[in-house]
K.L.:
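Take a look at the following structure, please.
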Amino acid sequence: MKKTLEGSIAVAEAIKNCEPDVAACYPITPSTHIGEHLSEFFANGELKSYVNTEAEISSIAALIGASAAGGRAISVTSSQGLAYMHESLFCAAGMRLPMLIVVGNRSLSAPLSIWNDWQDSIAERDSGCMQFYAENNQEAVDLAIQAFKISEAVNLPAILGMDGFYLTHSVEPLDIPEITEVQKFLPKRVSAVKLDTKNPLTMGAYAFPQYYQGFRQDLHKDLLSAKTTIKNVHNEFAKQFGRKYGNGLIEEYNTKDAEYILISMGSAAGNAKDAADELRTAGEKVGVLRIRCYRPFPSEDIAKALDGKKGVGVFEKAYSMGAVPPVYADVSEAITNCKSRPQLSSFVGGLGGKDVTVDSLKILFGKLKKGVCKEWV
Amino acid sequence: MKKTLEGSIAVAEAIKNCEPDVAACYPITPSTHIGEHLSEFFANGELKSYVNTEAEISSIAALIGASAAGGRAISVTSSQGLAYMHESLFCAAGMRLPMLIVVGNRSLSAPLSIWNDWQDSIAERDSGCMQFYAENNQEAVDLAIQAFKISEAVNLPAILGMDGFYLTHSVEPLDIPEITEVQKFLPKRVSAVKLDTKNPLTMGAYAFPQYYQGFRQDLHKDLLSAKTTIKNVHNEFAKQFGRKYGNGLIEEYNTKDAEYILISMGSAAGNAKDAADELRTAGEKVGVLRIRCYRPFPSEDIAKALDGKKGVGVFEKAYSMGAVPPVYADVSEAITNCKSRPQLSSFVGGLGGKDVTVDSLKILFGKLKKGVCKEWV
Amino acid sequence: MGLKGGLGARELGGLEHNYLLAPGHTACAGCPMPVIIRHVLDVLGKDTIVVNATSCSEIISSQYPRSAFKTPYIHSLFENTPAVATGVVRALRAMGNDHTQVVIIAGDGATYDIGFGAMSGAMERNEDIIYICYDNEAYMNTGVQRSSATPPLAKTTTSPVGSKIHGKVMPKKPIVEICAAHGIPYSASASIAYLPDFKAKLEKAKAMKGFRFIDVISPCVPGWGYDPAISIELSRLAVETGMWELFEIENGKRKDTFKPGQLKPVGLYLKPQKRFKHLSDAEIAGIQKGILERTKIPLLKS
Amino acid sequence: MGLKGGLGARELGGLEHNYLLAPGHTACAGCPMPVIIRHVLDVLGKDTIVVNATSCSEIISSQYPRSAFKTPYIHSLFENTPAVATGVVRALRAMGNDHTQVVIIAGDGATYDIGFGAMSGAMERNEDIIYICYDNEAYMNTGVQRSSATPPLAKTTTSPVGSKIHGKVMPKKPIVEICAAHGIPYSASASIAYLPDFKAKLEKAKAMKGFRFIDVISPCVPGWGYDPAISIELSRLAVETGMWELFEIENGKRKDTFKPGQLKPVGLYLKPQKRFKHLSDAEIAGIQKGILERTKIPLLKS
Amino acid sequence: MNPPNAKPGTSVENKTGSWRTYRPTVDFKKCTKCGICASFCPEGCINIDPKTGAIIDYNYCKGCGICAKECPSKAITMSLEVKK
Amino acid sequence: MNPPNAKPGTSVENKTGSWRTYRPTVDFKKCTKCGICASFCPEGCINIDPKTGAIIDYNYCKGCGICAKECPSKAITMSLEVKK
Amino acid sequence: MIYEVRFHGRGGQGAVTAANLLAVAAGHEGKYSRAFPFFGVERRGAPVQAFCRISDKPFRSYQNVYTPNTVVVLDSTLIKDVDVLSGLEKGGHVVVNCHTCPDLKSASVHYVDATKSALKHLKKPIVNTAMLGAFAKVTDIVKLESLKQVVKDNFGESNVKALEECYAEVKQ
Amino acid sequence: MIYEVRFHGRGGQGAVTAANLLAVAAGHEGKYSRAFPFFGVERRGAPVQAFCRISDKPFRSYQNVYTPNTVVVLDSTLIKDVDVLSGLEKGGHVVVNCHTCPDLKSASVHYVDATKSALKHLKKPIVNTAMLGAFAKVTDIVKLESLKQVVKDNFGESNVKALEECYAEVKQ
Ligand SMILES: Cc1ncc(C[n+]2csc(CCOP(=O)(O)OP(=O)(O)O)c2C)c(N)n1
Ligand SMILES: Cc1ncc(C[n+]2csc(CCOP(=O)(O)OP(=O)(O)O)c2C)c(N)n1
Ligand code: SF4
Ligand code: SF4
Ligand code: SF4
Ligand code: SF4
Ligand code: SF4
Ligand code: SF4
Ligand SMILES: [Mg+2]
Ligand SMILES: [Mg+2]
């Protein structure tokens with residue numbers, strides 16, 4: 001049954017239905033509402049534990065502790081808050097601790113801006129955490145539930161990106177899986193590797209040079225093979241709940257016969273689909289490839305989808321200052337081995353809340369036809 | 001006149017001769033010795049101010065304050081310490097504040113490791129800070145002096161990477177420019193944009209969506225044009241002090257007639273030169289391209305140097321977990337427009353102190369001949 | 001009596017012009033925080049640099065390309081002001097400026113919580129900084145979440161009133177005492193309704209060197225939920241009911257700078273505020289009892 | 001007298017076997033920190049989870065693939081232990097475990113400095129944690145840098161002895177008092193040389209709920225520069241000379257748990273330590289004077 | 001270089017008077033020129049004219065009512081702003 | 001999955017006895033079995049045998065000399081370790 | 001077709017809530033809807049915008065509303081600072097809280113004294129629910145009953161009264 | 001040719017300093033040199049390695065020393081835990097702190113009781129400067145005088161005495 005409610009509340013309800021053991025949050029716009037609702041569930045006895053931390057670095061530390069103790073752990077943050085977790089994200093991933101961090105994506109200071117872009121989570125792409133970006137609030141709800149399951153299956157943290165304000169503050173009719181259904185999909189977390197006085201273990205040992213690289217290599221390998229887990233969990237979810245998002249890693253929208261393709265993530269990808277629809281009506285062979293899972297990066301799926309296309313553009317809300325945009329760079333590398341490598345363009349926009357309109361995206365498709373283009377839009 | 005001393009001490013002396021107004025440091029292996037020596041200079045009245053901060057996030061905050069007040073500001077850190085500055089690095093760059101952060105490059109936890117790789121600074125590549133990597137201690141000394149000048153010319157923070165232990169702890173004969181010479185090269189900082197009660201100004205205002213992206217775009221543009229400044233300052237330095245490092249951005253070593261090229265940074269590049277020398281003696285046409293300035297990324301210089309080569313490999317001590325290695329990705333994108341794009345291989349190694357030997361690098365040249373290769377070594 | 005809360009006309013002379021905080025800031029109608037800032041800058045004067053933490057005070061004052069501050073001002077992050085101020089003052093002194101005051105203006109969230117690590121460090125180093133916390137007892141800029149400054153039982157969006165929990169659980173963090181325990185030269189509390197007292201504290205702090213801290217109660221119209229006209233009145237009632245004590249600590253010695261002879265019933269303070277609307281009579285009585293025990297001042301006979 | 005520093009044979013019974021900290025750890029010869037940890041775990045027992053901050057105690061105990069800890073143990077970062085412990089204990093309780101003790105073991109750097117923000121937060125929330133700081137008065141793991149716990153005038157690599165500055169400038173941060181000012185149920189200091197006192201404090205803390213803090217002096221062989229044999233002796237002399245007081249604070253009330261009748265001259269404590277070698281007689285006399293004023297205990301007549 | 005800096009005191013360009021729902025009016029007959037209203041006005045938009053009394057700059061007055069509440073002489077009254 | 005975890009108590013594999021420069025020797029005639037040495041030994045490598053007295057496990061003893069210093073009966077003496 | 005509404009108001013007047021309530025009401029009718037705000041500095045009195053889209057079919061867009069079918073202005077003083085008519089479809093409705101007809105060059109201007117209703121029924125100038133009444137009268141995109149129900153569920157009877165009053169009194 | 005030396009010692013014995021002093025002495029002679037440690041857990045008693053390269057010509061390498069020309073062992077008990085001879089060039093020297101000849105299968109083993117000299121002259125078992133004396137005798141890569149000078153500058157006369165004693169007493 002659908003309820004009309006704010007994306008943040010919907011995600012909070014989904015999280016509640018996943019029955020986490022510990023939620024630890026610190027307020028920051030635009031993700032605050034999620035934490036607020038979790039704290040309300042706690043005040044009503046519907047959530048086991050809610051920690052009002054004194055800073056985000058302690059939120060993630062609490063998650064590290066809770067996950068190490070075998071619990072299901074969740075935090076919510078944005079922007080400066082995620083940045084404040086930077087050191088801890090590498091650590092949580094390296095310690096192989098499952099947890100979910102919902103990020104209401106927002107730009108990074110300076111200048112301070114409370115509005116949406118992806119720089120906050122994109123800047124954590126090396127960390128070993130998985131990264132998902134929801135196109136809409138229904139997907140955010142569904143991803144929250146999937147992300148717990150994936151994270152606990154592969155023993156790595158998951159970041160779930162929701163476009164700040166666009167998703168977090170939108171009120172719309174949404175379907176929130178019932179707790180009984182969620183329980184079937186996502187059983188209680190069982191972990192053999194945990195802090196347990198009956199079965200002691202030392203977690204977080206340090207590694208001499210003869211060991212360190214091996215740990216990193218393993219982490220990378222496990223992240224790569226998480227792609228299979230992500231697809232499987234996505235399929236399971238689709239089977240039980242009837243909602244599907246591409247193949248779990250990417251979503252192809254009218255790409256099969258398309259000559260020109262725009263790649264994007266999050267809500268911008270939805271707007272790109274609208275743009276593509278309008279152009280299709282006008283007879284243009286255009287499509288959209290949405291990256292749903294940014295880490296691990298689905299390079300094979302992307303290369304396959306793009307092989308032989310005439311022109312491809314990546315539209316993203318982030319930059320690697322003094323170099324090239326991150327998603328574009330990843331895609332560029334992924335398609336090196338295409339039999340017929342498409343011409344690849346890069347568009348950066350929507351930073352700090354600059355609204356990404358369907359019209360502006362239509363223009364980008366036009367640019368693809370004219371050859372390679374690298375632009376701020 | 002050469003003195004035989006530890007790299008850390010040499011760099012501390014060079015910094016002292018740059019007469020910073022504020023040094024703010026927090027200890028962390030392997031960069032601690034630099035801060036220790038700065039504090040000693042302070043105790044002897046040879047340094048104006050030294051702040052023993054209670055954490056790295058406060059070291060960089062003190063630099064933000066000192067630089068905003070018009071002062072010359074320096075900090076020293078590594079690994080977890082740099083990671084703890086993550087949020088602040090974006091902020092310092094966005095606020096356009098010159099400062100120098102010397103990083104004794106070390107791997108990131110978990111697992112904890114005090115040994116060298118580049119993950120700490122590489123993970124800050126989006127931040128808007130410049131990044132330099134010294135091949136040897138003489139270059140580290142020279143770069144410290146150049147970095148202040150560049151940073152204050154382009155109004156952006158500079159990170160100077162020294163391979164932890166390899167550089168920071170090596171004792172060797174080094175030439176440390178005299179203070180009088182340094183004063184000629186690097187005059188007192190003069191800044192019109194500063195906190196001044198005679199001429200008040202509001203720094204760090206926040207930006208609505210109509211402004212934010214413009215600031216980011218400007219920052220990116222300024223970083224790109226910093227390449228010219230970096231080259232110029234490097235040339236000036238060479239003229240005055242007689243030491244030159246490639247063109248300031250990259251250094252080409254026997255690349256002109258080379259068929260196979262290994263790209264690297266820091267001390268690994270020196271070892272790669274040794275490997276190339278040995279292979280040259282055996283008649284192989286191999287060369288080394290060293291990236292001295294990683295941000296801004298010298299894509300044009302790199303593309304020019306690599307165009308038409310048969311095989312190129314990037315050896316780096318960092319990874320973007322679940323995707324591809326960062327320097328490799330940047331190079332891969334940079335050479336897209338080569339008239340004749342070389343085959344590009346990626347090697348990752350030296351993580352967490354795994355020693356990068358000349359022999360192991362010789363093997364990599366061998367691999368380049370066999371085609372594209374992506375390996376942990 | 002021409003005085004309300006000890007405020008006399010005489011003390012106000014000369015304040016009317018050239019405020020160092022300009023109008024046109026975007027605080028909610030009735031927010032007393034700009035009043036606090038204005039009086040701080042009035043005492044400290046033009047030779048002052050403001051270091052501001054992310055907060056209401058920042059958002060309402062420095063939206064590009066405009067600013068309400070007329071003194072030099074810097075904002076960078078939420079949690080780092082004590083260290084930024086350290087850098088500012090160290091650089092000034094290094095460059096030969098030994099006169100400019102560096103003042104931090106920060107909310108209770110920055111002060112009690114996320115910035116407290118940096119603050120503790122700056123206090124330990126006894127940096128030459130004046131620290132003003134306008135204490136609106138919650139994270140207002142992000143929409144009224146609990147901070148360590150939130151009084152017990154108060155309702156915020158993260159200390160909600162539910163079936164199991166009835167508002168904030170923990171007591172208010174005794175920040176003035178904690179700072180004093182650091183051994184800093186001056187730590188005090190203040191209320192804008194007691195302006196001469198507040199200004200005397202500012203003057204005293206101004207005349208000292210080292211780390212000086214003043215925590216000023218700062219009611220918040222939407223956050224506390226009250227009619228904007230009573231912002232000052234609430235700042236006064238807080239003192240008159242004993243909810244907020246006016247004192248200073250020097251060399252480990254606490255001195256009450258103003259102590260009501262008799263306390264007004266705390267209900268007078270609580271009732272106009274939505275954040276306390278859910279309190280039962282028993283809870284109010286409990287608060288009243290706590291105040292009487294803590295302050296040892298008798299309740300006003302009515 | 002069979003007792004040294006109040007230590008009797010009786011109290012030691014049953015300690016010899018099955019220590020929860022195994023030998024083979026890699027602390028410097030003579031380091032008293034493993035002794036402290038052993039006795040902590042001895043009192044707390046097997047139903048204890050250790051949360052450790054980056055430090056000497058971590059480096060000497062948990063080098064992959066080996067560990068000296070026999071209880072469950074977690075180390076993640078330097079600055080976050082109070083919050084990690086928060087997560088551990090919250091998860092345990094959420095999963096129905098209401099008995100396991102969560103104990104933090106951290107150095108003074110983690111406690112007084114970089115981790116103090118997180119610690120202050122955990123104290124404010126009154127998390128159910130026992131916090132043991134082994135206080136070697138500097139950052140030892142990174143090679144003896146100054147911390148807020150370093151005593152005034154002591155030489156470290158970042159409070160060096162130079163022509164302008166003569167060792168550490170600031171006083172030692174009064175951490176036990178600052179923690180007590182947070183209103184936590186228990187805050188105390190201890191010395192391993194006074195083992196019955198230390199163990200009594202541990203037992204007391206164990207019987208309580210909420211945030212409990214004990215700061216234990218922990219001499220460091222290379223950091224303080226002394227003959228390893230006298231680690232315990234220094235822990236004793238610190239108390240006997242009044243450099244280190246043994247006390248506890250409950251409900252804001254301080255109680256001295258051991259007070260020497262007469263103080264030994266502080267030189268006895270300072271002289272064997274290289275970190276104080278540069279002190280002039282006048283400086284030592286100054287320290288002595290400070291102790292006598294602070295403790296109000298007479299100096300031993302010799 | 002384009003740092004996100006702002007010019008001091010330029011907030012005066014924000015005419016926050018438009019935010020007002022209620023409008024304060026000073027009764028000069030009652031005003032004793034004590035300055036209390038000016039001292040507490042959050043907008044700093046009251047000036048005490050030594051001749052007439054409290055003068056409110058309606059360009060900035062947000063209509064909070066503090067002046068009226070704090071005036072010891074009850075010289076200020078609040079009334080619904082007439083919006084156009 | 002390969003987390004950087006370690007097995008509890010496995011540090012016993014580090015035979016830190018080789019670190020020793022000085023070697024403690026217990027004089028059982030003087031030893032009163034009071035246990036003080038055991039209590040303060042940083043390595044936890046002294047056991048009190050109820051019959052003989054303090055027994056030192058030289059596999060771990062680093063030769064710090066604390067036991068000798070703290071022994072109230074002066075039953076322990078330190079001598080230079082003979083290294084092979 | 002997607003019906004688009006833009007609300008202009010000031011912090012504290014409830015423009016964001018108005019858009020949300022409208023989306024909820026549409027949801028109750030089985031429609032697809034989405035409301036979201038553009039937050040500036042969210043302070044009492046500062047200008048605020050909120051958007052609402054309503055459609056019979058699912059839609060994707062999360063972009064701001066640039067070409068509204070109807071504009072609702074909760075505070076007439078905004079008219080001189082903000083271009084409230086920006087992008088309004090030809091002949092689209094403007095509903096303004098004003099006691100006299102506002103000075104707007106638009107085909108279809110409606111106005112109602114919502115402040116009066118709010119002060120009367122709620123004792124405070126929060127006009128969002130009142131203005132939804134006027135909106136319901138002027139457009140037929142959601143039913144009056146749905147709006148009344150949603151307002152009642154969320155804010156109670158007195159708000160419904162304000163709504164009804166403005167439904168009855170809106171002029172054009 | 002680059003001359004490579006590897007030092008094995010324990011924390012507190014000064015192996016790292018020995019390598020550094022050697023590099024400084026070589027520097028004084030106008031040679032190119034570089035010393036650097038491999039730090040493990042830098043604790044008193046724990047095994048430590050340090051490297052030194054010396055050459056007449058500039059060199060680049062910052063890699064560890066794997067094929068030393070000479071190995072210096074500051075603590076003979078390390079021999080059973082660590083493969084001190086690893087990579088030693090054929091006929092390369094090993095100089096060991098030991099009072100009897102150590103059990104090492106190597107062409108050129110030298111030993112000296114540096115602990116004795118250190119305890120005698122320095123009153124503590126810090127054997128690094130003493131061992132440099134033995135090293136100087138066994139190899140001729142740097143002059144005894146340079147080493148004595150550097151040791152004197154850094155640690156004073158008593159260390160020079162220990163150095164001289166071991167120079168005189170080293171056996172093979
Ligand atoms: C690291 C970080 N976390 C969270 C935020 C979001 N944030 C900005 S201001 C604020 C609340 C400020 O509260 P307080 O200091 O009490 O000031 P107030 O807004 O109440 O005036 C928060 C949570 C941030 N900017 N940075
Ligand atoms: C964020 C961060 N900064 C710095 C370090 C480096 N570091 C590790 S341990 C340590 C010193 C620890 O000092 P203390 O807590 O007193 O413990 P001790 O080593 O003295 O036992 C430092 C500075 C780190 N690991 N992480
Ligand atoms: S939210 Fe509260 S503190 Fe912030 S400006 Fe409004 S009244 Fe002031
Ligand atoms: S350095 Fe000090 S604290 Fe660390 S292990 Fe050695 S003696 Fe103990
Ligand atoms: S407070 Fe009243 S009497 Fe005083 S100046 Fe203002 S209006 Fe006049
Ligand atoms: S109503 Fe408020 S803003 Fe207006 S003049 Fe009075 S105090 Fe100032
Ligand atoms: S301290 Fe001395 S007497 Fe006591 S058990 Fe040990 S050796 Fe025996
Ligand atoms: S010398 Fe030290 S390590 Fe050895 S047994 Fe005695 S106390 Fe233990
Ligand atoms: Mg606040
Ligand atoms: Mg310490």
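Order of the sequence lines sets the chain letters (A, B, ...), proteins ahead of strands, with each chain counted from 1.
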K.L.:
Which bit of A:Asp277 comes within less than 4.5 Å of chain G, counting heavy atoms only: side chain, backbone, both or neither?
P.N.:
side chain

K.L.:
Once rounded to the nearest 0.5 Å, what's the spacing between atom CD1 of G:Ile54 and atom CD of A:Glu172?
P.N.:
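Here the interatomic distance stands at 13.0 Å.
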
K.L.:
Taking the side chain as everything from C-beta on, heavy atoms only, tell me whether A:Phe165 gets closer than 4.5 Å to G:Phe36.
P.N.:
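Side chain of A:Phe165 against side chain of G:Phe36, heavy atoms only: no contact under 4.5 Å found.
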
K.L.:
Looking at chain A, which one of G:Ala26, G:Ala23, G:Ser33 has the largest number of heavy-atom pairs inside 4.5 Å, strictly under?
P.N.:
G:Ser33

K.L.:
To the nearest 0.5 Å, how far apart are OG in A:Ser360 and CD in G:Gln63?
P.N.:
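A:Ser360 atom OG to G:Gln63 atom CD measures 7.5 Å (nearest 0.5 Å).
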
K.L.:
Should the heavy atoms of other residues, nucleotides or ligands under 6.0 Å from CG of G:Asp103 be counted, would the total exceed 12?
P.N.:
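Check fails, neighbour count at 12 or below.
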
K.L.:
Which bit of A:Asn137 is near chain G, if near means a heavy-atom gap under 4.5 Å: side chain, backbone, both or neither?
P.N.:
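Interface part for A:Asn137: both.
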
K.L.:
Hey, are G:Tyr66 and A:Asp355 close enough side-chain-wise for a donor-acceptor pair under 3.5 Å?
P.N.:
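Distance-only check passes for A:Asp355 and G:Tyr66.
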
K.L.:
Could you tell me whether G:Asp140 atom CG has more than 12 heavy atoms of other residues or ligands within 6.0 Å of it?
P.N.:
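Not more than 12 within 6.0 Å, no.
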
K.L.:
Name the region of A:Val356, side chain, backbone, both or neither, that has any atom closer than 4.5 Å to a heavy atom of chain G.
P.N.:
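Only the backbone of A:Val356 comes within 4.5 Å of chain G.
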
K.L.:
Considering residues, nucleotides and ligands other than A:Glu181, do more than 12 of their heavy atoms fall under 6.0 Å from its CD?
P.N.:
yes

K.L.:
Just how far is it from atom OG of A:Ser267 to atom CZ of G:Arg60, taken to the nearest 0.5 Å?
P.N.:
12.5 Å

K.L.:
If you count heavy-atom pairs under 4.5 Å between each of G:Gly30, G:Pro37, G:Ala19, G:Ala25 and chain A, which one has the most?
P.N.:
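Sorted descending by pairs with chain A, the first entry is G:Pro37.
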
K.L.:
If you count heavy-atom pairs within less than 4.5 Å of chain A, which of G:Gly27, G:Ser61, G:Ala35, G:Cys52 leads?
P.N.:
G:Ala35

K.L.:
Heavy-atom distances under 4.5 Å only: say whether A:Glu6 touches chain G with side chain, backbone, both or neither.
P.N.:
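No part of it gets close to chain G.
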
K.L.:
Under a 4.5 Å heavy-atom cut-off, does chain A meet the side chain of G:Phe38, its backbone, both or neither?
P.N.:
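For G:Phe38, the side chain is the part near chain A, not the backbone.
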
K.L.:
Top residue by heavy-atom pair count (under 4.5 Å) with chain G, among A:Asp274, A:Thr168, A:Asp359, A:Thr29?
P.N.:
A:Asp274

K.L.:
Under 6.0 Å from the NZ atom of G:Lys171, do we count more than 12 heavy atoms belonging to anything else shown?
P.N.:
yes

K.L.:
Counting neighbours of NZ on G:Lys137 that are heavy atoms of other residues, nucleotides or ligands and sit closer than 6.0 Å, is the number greater than 12?
P.N.:
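Above 12, so yes.
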
K.L.:
So which heavy atom on G:Val24 is nearest to which on A:Thr4, and how close?
P.N.:
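It is CA-CG2, 3.5 Å.
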
K.L.:
Tell me, yes or no, whether the heavy-atom count around G:Lys124 atom NZ, taken from other residues, nucleotides or ligands under 6.0 Å, exceeds 12.
P.N.:
no

K.L.:
Please flag which part of A:Lys3 lies under 4.5 Å from any non-hydrogen atom of chain G: side chain, backbone, both or neither.
P.N.:
neither

K.L.:
Holding to side chain to side chain contact (heavy atoms under 4.5 Å, CB included), I want the full list of residues that pass it with A:Asn136, two or more places apart in sequence or in another chain.
P.N.:
A:Gln138, A:Glu139, G:Tyr62

